[in-house]
Amino acid sequence: MSEAVETRYSVCTICDIGCQLRTEAVDGKVTRVIAHDNPMLAQNICFKGVTAPEIHNHKDRLRVPLKRVGERGEDRWEEISYEQAMDEIAERLRAVVDKYGPESFAVSTSGWNTQSTHSLDRRFMNLLGSPNWISGVALCAGNTAAVNRLTYGWFPQPDFANTKCIVLFGHNPRKHSWTPIYNAINFARSQGAKVIVLDPRVSDQAETADLHLRLRAGTDAAMCLGWLKVIFDEGLYDKAFVEEYCTGFDALQARVDEYPLERVEAITGVDRKLIAEAARMYATAEGAVIPWTPITDQQVSSTSAIRLHSILRAVTGNLDAPGGESLGGFNPGYIPESELGLHDALPLVQKEKQLGYDDHPAFTYRVAEMLKEPTERVWGYPYADLVMGCQMANPTNVFRAMAHEDPYPVKAFFALGNNALLSYPNQHQILKGMMNQELIVAHELFMTPTAMLADYVLPGDVFSERNHVADSWSWGTRLTLSQKAVEPPAQASSTFQFWRDLAHRFGYGEHFPWQSIEEILDHRLSRSGRSFAEFEAETYMEAPPPNLHKYRNVGFATPSGKVELFSSVLEALGFDPLPYHREGPEVSADYPYRVFTGVREDPFFQTGQRNIESLRARTPSPKIFLHPEDAEREGVQDGDWVRLETEHGTVTAKVSVQASMKEGHLRVPHGWWYPELRGTAELAGAFISSDAVLCSDDDEYLDVEQGIPHFKGFPGRIVKTNAPANMSEMVLQG
Ligand SMILES: Nc1nc2c(c(=O)[nH]1)N[C@H]1C(S)=C(S)[C@@H](COP(=O)(O)OP(=O)(O)OC[C@H]3O[C@@H](n4cnc5c(=O)[nH]c(N)nc54)[C@H](O)[C@@H]3O)O[C@H]1N2
Ligand SMILES: Nc1nc2c(c(=O)[nH]1)N[C@H]1C(S)=C(S)[C@@H](COP(=O)(O)OP(=O)(O)OC[C@H]3O[C@@H](n4cnc5c(=O)[nH]c(N)nc54)[C@H](O)[C@@H]3O)O[C@H]1N2
Ligand code: SF4
Ligand SMILES: [Mo]
């Protein structure tokens, strides 16, 4: 007789787009992940999601807390109990804080993976007095959200269902990469939407696009200024909206006039006729969207490029309009993380110590405090934690403080669901910083290079082992149910449990009254008078209808209450209040190629899954992509090993020659390490092929306002080499 199959709705967290699908469990073990039973949602599943049982039941999954017994990074451990680990962590963190102050404690995390946190990390840190919370979202949608707020006080979401034009600045969703966005784009196309792709290479999306602009990497801001030039000169903007709802139009127009199309063509390398055609197509569509893209999160002109996307939306009348992009606000029936984080509990004097506050403030508390009043007025909460990204410390400043104790020492570092060593620029400095810590804690599923550097490694739970109600990272109003299907390993913990238990050991029990995830979900749902059990019984997904054009009644959550084309916040901070193009570091005879890093590969999410056999078999080794003409000049061909060198570091990987690449550019994937080299190569080969070693965090490589790195088009060269030592047959052949 076969065992009973238990089926639950789950939000997949293998990647961060969070498809709702179903898990099947037999006898306490997840056996299958299958598509949704709602046909509208059934396509939102990729082969990584299907692999979840292999990941969750993997033999290498961490199941018991570990305490370091060897030198830091030596990867020698003893098993201890969860209680002992938490007691010792609390005691040692207390000692660091007593000695160096609460700001000496930094946390790096990625909340979509550690879906169970409920902002209790911020809550704990705010009660303790530390502002130094960082995340990979600083190079992703988190910093985009923060910069969008400067222009109109929120981070809008595209209305794919009704749009007539989609503009993809590099963003390249595929069947197995951000599947729901890929499906939404395909749906919009089937309804007649046009697609414009801006990408140096012929990406998957570019292959089928109506227009493809092959701009030089790192020139997105200049491209947008060119679009605005056409839109203003040809009167293609929404004059009534601009007059009534925007500030700074004349100043913006004067700035845009500095970018005639000849200049934009010279900067971007795209024919001016094509630039004008694309600008017209976007501006005249009956509803057009520029979906979020990571490409403009990671450039020296990032703040300007993100602001330019915001400005394009606003001046073309696509803001909070059907077929355009909506300003959703918080779900009124669910307590948002913005409230749970207790940001008001952190005294201003500690906020001012946030690393990055002085020199790169755009997503720090400095701006969050300036936006408090308008945010409360429009959205009902003083702090908006959109995609977690609106009051972060600057990662580079944090690693500098860890490595060099400048401007003050950071001596305790916790990484939760975040492979920090490989997930920011300048991996060398991150390592130095970690080696200089008195306490490192990693909360992980697998023994990553970051975890290998820890004093304590705590095993985490996974999505099939915990209940959750996802609120699209407070970016949207939709609530999505994720149900526990099986029990976690006995000594594993959720990040909710971790922060709760640490807080109780610090005497903050009254601020952490919840005993379980279900209790905090009850609390969060209480605003709509429901318990978690009631919610779960009622629905698997809830989306209040969009409430467009709200600004007509309440204005925008900016200091002026208008869309700030000329940013009063940037002006007050001493930055250029208008967007501009800035060149990244130039190529030279020594470093003749423009390198872009960060490319996503279908089988992996970021630095993960290199140890999952069925996924790794799809892409066994890291590849550097280049154009056939460049390959010929360099005398390399498919499968050769090369060193990609920059002034800052070296990555070794195999060559893949692709006609789709743009001449003079090199493309490097993100996040490679070699779990199979654990024990034979230092930190499981974390310094062999990881893109984070390549990119500098010197000033010329950083966006000024945010201090985030330039991953798109920095100088590099390649040199033919031999395969690195110890590589397996799989890597050599693959
Ligand atoms: N399978 C899988 N899917 C994923 C992820 C994953 O790790 N694996 N990660 C998810 C996450 S967190 C993110 S952020 C997204 C990112 O995913 P995407 O948005 O697709 O980003 P990339 O793959 O880095 O690059 C997209 C394109 O940008 C182009 N490009 C490079 N430089 C520039 C430039 O300067 N300007 C412009 N306009 N284009 C440029 C590249 O040629 C490439 O085709 O993917 C998500 N989806
Ligand atoms: N150098 C460089 N840095 C980058 C980027 C880049 O392209 N290059 N991309 C940036 C972008 S766009 C993003 S989105 C971020 C992504 O940064 P992260 O979201 O941190 O990405 P991952 O590398 O997948 O690290 C997540 C880790 O969490 C673990 N994990 C997964 N689920 C759980 C869980 O439920 N509980 C616990 N405890 N752990 C879990 C995984 O095993 C994995 O090691 O990185 C950014 N940083
Ligand atoms: S796209 Fe794939 S990995 Fe990402 S959430 Fe959906 S099913 Fe999971
Ligand atoms: Mo990302």
Side-chain angles (χ1 to χ4, degrees), residues 13-17 46-48 55 61-62 108-116 135-142 168-174 176-179 181 197-206 213-220 223 291-299 305 395 415-420 422-427 442-446 448-451 458-463 465-466 492-495 498 584 594 596-609 625 660-662 665 667-671 690-695 709 711-713:
T13 59
I14 307 289
C15 91
D16 49 10
I17 199 70
C46 81
F47 58 56
K48 288 185 295 303
I55 300 173
R61 185 163 157 206
L62 297 166
S108 176
T109 188
S110 280
W112 17 55
N113 295 329
T114 58
Q115 241 196 35
S116 59
S135 169
V137 300
L139 317 182
C140 191
L168 298 171
F169 275 87
H171 192 29
N172 184 32
R174 303 179 296 279
H176 301 284
S177 171
W178 273 24
T179 310
I181 307 292
V197 169
L198 301 101
D199 195 313
R201 64 182 195 102
V202 188
S203 65
D204 310 67
Q205 287 290 345
L213 285 65
R214 296 188 73 172
L215 76 179
R216 174 165 68 81
T219 62
D220 296 76
M223 177 62 75
W292 165 79
T293 166
I295 304 307
T296 44
D297 300 341
Q298 307 171 343
Q299 300 189 10
L416 292 99
N418 176 240
N419 197 354
L422 284 73
S423 296
Y424 299 97
N426 196 352
Q427 192 166 317
H443 192 281
E444 251 302 341
L445 306 182
F446 294 102
T448 63
T450 302
L458 292 172
D461 62 0
V462 294
F463 71 76
E465 295 164 354
R466 61 187 178 233
S493 62
S494 63
T495 49
F498 173 79
R594 297 182 197 283
F596 55 92
T597 74
V599 168
R600 307 326 188 203
E601 295 159 302
D602 284 354
F604 315 118
F605 178 66
Q606 309 292 97
T607 72
Q609 292 92 30
F625 301 97
S660 58
M661 273 299 292
K662 188 170 169 70
H665 285 61
R667 179 177 186 231
V668 188
H670 169 46
S690 161
D691 66 332
V693 302
L694 289 177
C695 186
F711 282 169
K712 307 299 169 194

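Whatever order the structure lists them in is the order used to number ligands and atoms, beginning at 1. Just so it is clear, the model here is predicted, and its values are computed rather than measured.
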>> Please enumerate all residues that pass salt bridge (Lys or Arg N to Asp or Glu O under 4.0 Å) together with Arg214, with sequence neighbours excluded.
In response: none

> Just which atoms of ligand 2 are under 4.0 Å from any heavy atom in Asn419?
Replying inline: 25 (O)

> Is it the side chain (CB and beyond), the backbone, both or neither of Glu465 that lies under 4.0 Å from ligand 2, heavy atoms counted?
Replying inline: neither

> What atoms of ligand 2 come closer than 4.0 angstrom to any heavy atom of Thr448?
Replying inline: 44 (O)

>> Please list, in number order, the atoms of ligand 2 under 4.0 Å from a heavy atom of Ala692.
In response: 1 (N)

>> Using the ring-ring contact (aromatic ring centres under 6.0 Å, His included) criterion, which residues pair with Phe169? Sequence neighbours excluded.
In response: Trp227, His309

>> For a 4.5 angstrom cut-off between non-hydrogen side-chain atoms, does Thr179 reach Ile17?
In response: no

> Could you state the interatomic distance from CG (Leu458) to CZ (Phe498), rounded to the nearest 0.5 Å?
Replying inline: 6.0 Å

> With Asp461, which of Arg466, His443, Gln115 fulfils side chain to side chain donor-acceptor pair (under 3.5 Å)?
Replying inline: Arg466

>> I want to know if ligand 2 touches Gly417 in the polar sense, i.e. an N/O pair below 3.5 angstrom.
In response: yes

> Between atom CG of Leu694 and atom CZ of Phe711, what is the distance when rounded to the nearest 0.5 Å?
Replying inline: 9.0 Å

> With atoms numbered from 1 as shown, which atoms in ligand 2 lie under 4.0 angstrom from a non-hydrogen atom of Asp691?
Replying inline: 1 (N), 2 (C), 6 (C), 7 (O), 8 (N)

> Atoms of ligand 2 less than 4.0 Å from Arg466 heavy atoms?
Replying inline: 35 (O)

> Hey, which atoms in ligand 2 end up nearer than 4.0 Å to a heavy atom of Asp461?
Replying inline: 34 (C), 35 (O), 36 (N)

> Any side-chain heavy atom of Val462 within less than 4.5 Å of one from Ile55?
Replying inline: no

> Protein residues near ligand 1, heavy-atom distance below 4.0 Å?
Replying inline: Asp16, Lys48, Cys140, Phe169, Gly170, His171, Asn172, His176, Ser177, Trp178, Leu198, Asp199, Pro200, Arg201, Ser203, Leu215, Ala217, Gly218, Asp220, Trp292, Pro294, Ile295, Gln299, Phe596, Gly598, Val599, Arg600, Glu601, Asp602, Phe604, Phe605, Gln606, Lys712

> Are any of the N/O atoms in Thr495 less than 3.5 Å from those in ligand 2?
Replying inline: no

> Is His443 in polar range of ligand 2, meaning some N or O pair under 3.5 Å apart?
Replying inline: yes

> To the nearest 0.5 Å, how far apart are NZ in Lys712 and CD in Gln299?
Replying inline: 8.0 Å

> Is there side-chain contact between Leu198 and Met223, with heavy atoms separated by less than 4.5 Å?
Replying inline: yes

>> Test of understanding: with ring-ring contact (aromatic ring centres under 6.0 Å, His included), list the residues that count as partners of His171, not counting sequence neighbours.
In response: Trp178, Trp292

>> Less than 4.0 angstrom from a charged side-chain N to a carboxylate O is my criterion; do Glu465 and Arg61 meet it?
In response: yes

